[in-house]
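Just so it is clear: chains get the letters A, B, ... in the order the sequence lines come, proteins before strands, and each one is counted from 1. Quantities reported herein were computed from a predicted structural model and do not represent experimental measurements.
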Amino acid sequence: MEFAPLPLEFYAKPSLQLAEQLVGKLLVKETEEGIAGGFIVETEAYVGPEDRAAHSYNNRRTPRTEVMFGPAGYIYTYQMHTHCLVNVVAAHVGEPQAVLIRAVEPCIGIELMRQRRGTVKGDRELTSGPGKLCKALGITMKDYGHCVIERPLWIGEGKKYERITAGPRIGIPNSGEARDYPWRFYVESSPYVSRR
DNA sequence: TGAACGATTTGT
DNA sequence: CAAATCGTTCAA
């Protein structure tokens with residue numbers, strides 16, 4: 001895969017807009033084990049201070065959320081239970097917005113992904129969830145703060161998908177009214193989204 | 001469908 | 001120190 005990251009300016013926009021535009025882009029991670037990547041088929045926008053589901057709700061600023069207060073185009077990883085989740089910072093300095101990558105369609109290094117994921121039923125299980133794709137691509141907490149236009153973790157032009165759908169976000173039952181906002185974007189026809 | 005898993009952060 | 005979490009995998 002030829003190294004051709006999207007320009008940093010691409011990320012300097014509201015997370016709702018960025019979340020929709022990231023669908024179809026190619027997410028790539030290169031490690032000593034090899035290269036792995038996939039087309040993004042599902043994202044969620046986290047809008048920041050006004051969004052009860054966001055870690056940066058009410059401008060909460062801690063070591064963990066710090067990167068979201070910086071410029072767009074940087075990686076915000078965070079761990080829950082035994083899994084790592086990956087976000088891309090959006091908007092501008094001082095606006096703690098981010099986009100969660102929830103699922104990708106495997107494209108590069110599928111054999112490596114199978115290896116890293118272990119026992120899975122089929123290839124559609126490889127990356128159909130935020131924790132799954134991190135493990136498949138080899139994304140870890142070490143990628144926190146990494147700039148997404150540089151190796152080894154970057155995003156490039158991908159392909160066009162038909163029919164991108166918006167719906168409520170997943171896994172945020174305790175976020176009050178924000179629970180139902182249609183801020184999840186996914187490819188309707190893709191078997192690789194986290195929930196069908 | 002439900003519980004275990006158990007890293008890390010945050011609030012009491 | 002206790003509770004909570006943008007999840008995944010097992011067991012029935």
Contact between A/Leu133 and A/Val86 at the side-chain level, heavy atoms closer than 4.5 Å - yes or no?
yes
Candidates B/dT9, C/dC6, B/dA7 - which lies nearest the side chain of A/Gln79
B/dA7
Find the runs of at least 3 consecutive base pairs, i with j, i+1 with j-1 and so on, that include DNA chain B, using Watson-Crick or G-U wobble geometry with both distances under 3.5 Å.
B:1-5 with C:7-11, B:7-11 with C:1-5
Any A/Arg117 side-chain nitrogen or oxygen under 4.0 Å from OP1 or OP2 of C/dT8:
no
Classify the nucleic acid contact of A/Arg184 as base, sugar-phosphate or nothing, counting any heavy atom under 4.0 Å across all strands shown.
nothing
Euclidean distance for P, C/dC6 against B/dT1 (whole angstrom)
22 Å
Would you classify A/Arg169 as touching base, sugar-phosphate or nothing, given that sugar-phosphate means primed atoms plus P, OP1 and OP2, and contacts are heavy atoms under 4.0 Å?
nothing
Once you apply a heavy-atom cut-off of 4.0 Å, does A/Lys135 come out as touching a base, just sugar-phosphate, or nothing?
nothing
Tell me which nucleotide among B/dA7, C/dC6, C/dC10 gets nearest to the side chain of A/Thr119.
C/dC10
Are any of A/His55's side-chain N or O atoms less than 4.0 Å away from OP1 or OP2 of B/dT9?
no
Do A/Glu105 and A/Tyr161 meet the criterion of a side-chain donor-acceptor pair at a distance under 3.5 Å?
yes
For A/Lys132 and C/dT9, give me the distance from atom NZ to atom C1', rounded to whole Å.
9 Å
Could A/Glu125 and A/Arg117 be called an ion pair, given the rule that one side-chain N must be under 4.0 Å from one carboxylate O?
no
Is it true that A/Ser194 and A/Glu42 share a donor-acceptor pair across their side chains at a distance under 3.5 Å?
yes
Ring-base stacking, A/His81 with B/dC5 (5.5 Å, 30° cut-offs):
yes
Less than 6.0 angstrom separating the ring centers of A/His146 and A/Tyr74, yes or no?
no
Nearest to the side chain of A/Arg60, which nucleotide is it out of B/dG11, C/dT8, C/dT5?
B/dG11
Pi stacking test for A/Tyr78 and B/dT8: under 5.5 Å apart, planes under 30°:
no
Regarding A/Leu100, tell me which of base, sugar-phosphate or nothing describes its non-hydrogen contacts under 4.0 Å with the strands shown.
base
Whether A/Asn174 contacts C/dT5 is assessed here as follows: a side-chain N or O lying under 4.0 Å from the phosphate OP1 or OP2. Is that the case?
yes
What integer distance in Å separates A/Asn87:CG from B/dT9:P?
15 Å
Tell me yes or no: between the side chains of A/Tyr11 and A/Glu9, is some donor less than 3.5 Å from an acceptor?
no
To the side chain of A/Ile170, which of C/dG7, B/dA7, C/dC10 is closest?
C/dG7
Check for me, please, whether A/Val28 and A/Ile40 land in the same ILVMFWY cluster - side-chain distances under 4.5 Å, paths through other members count.
no
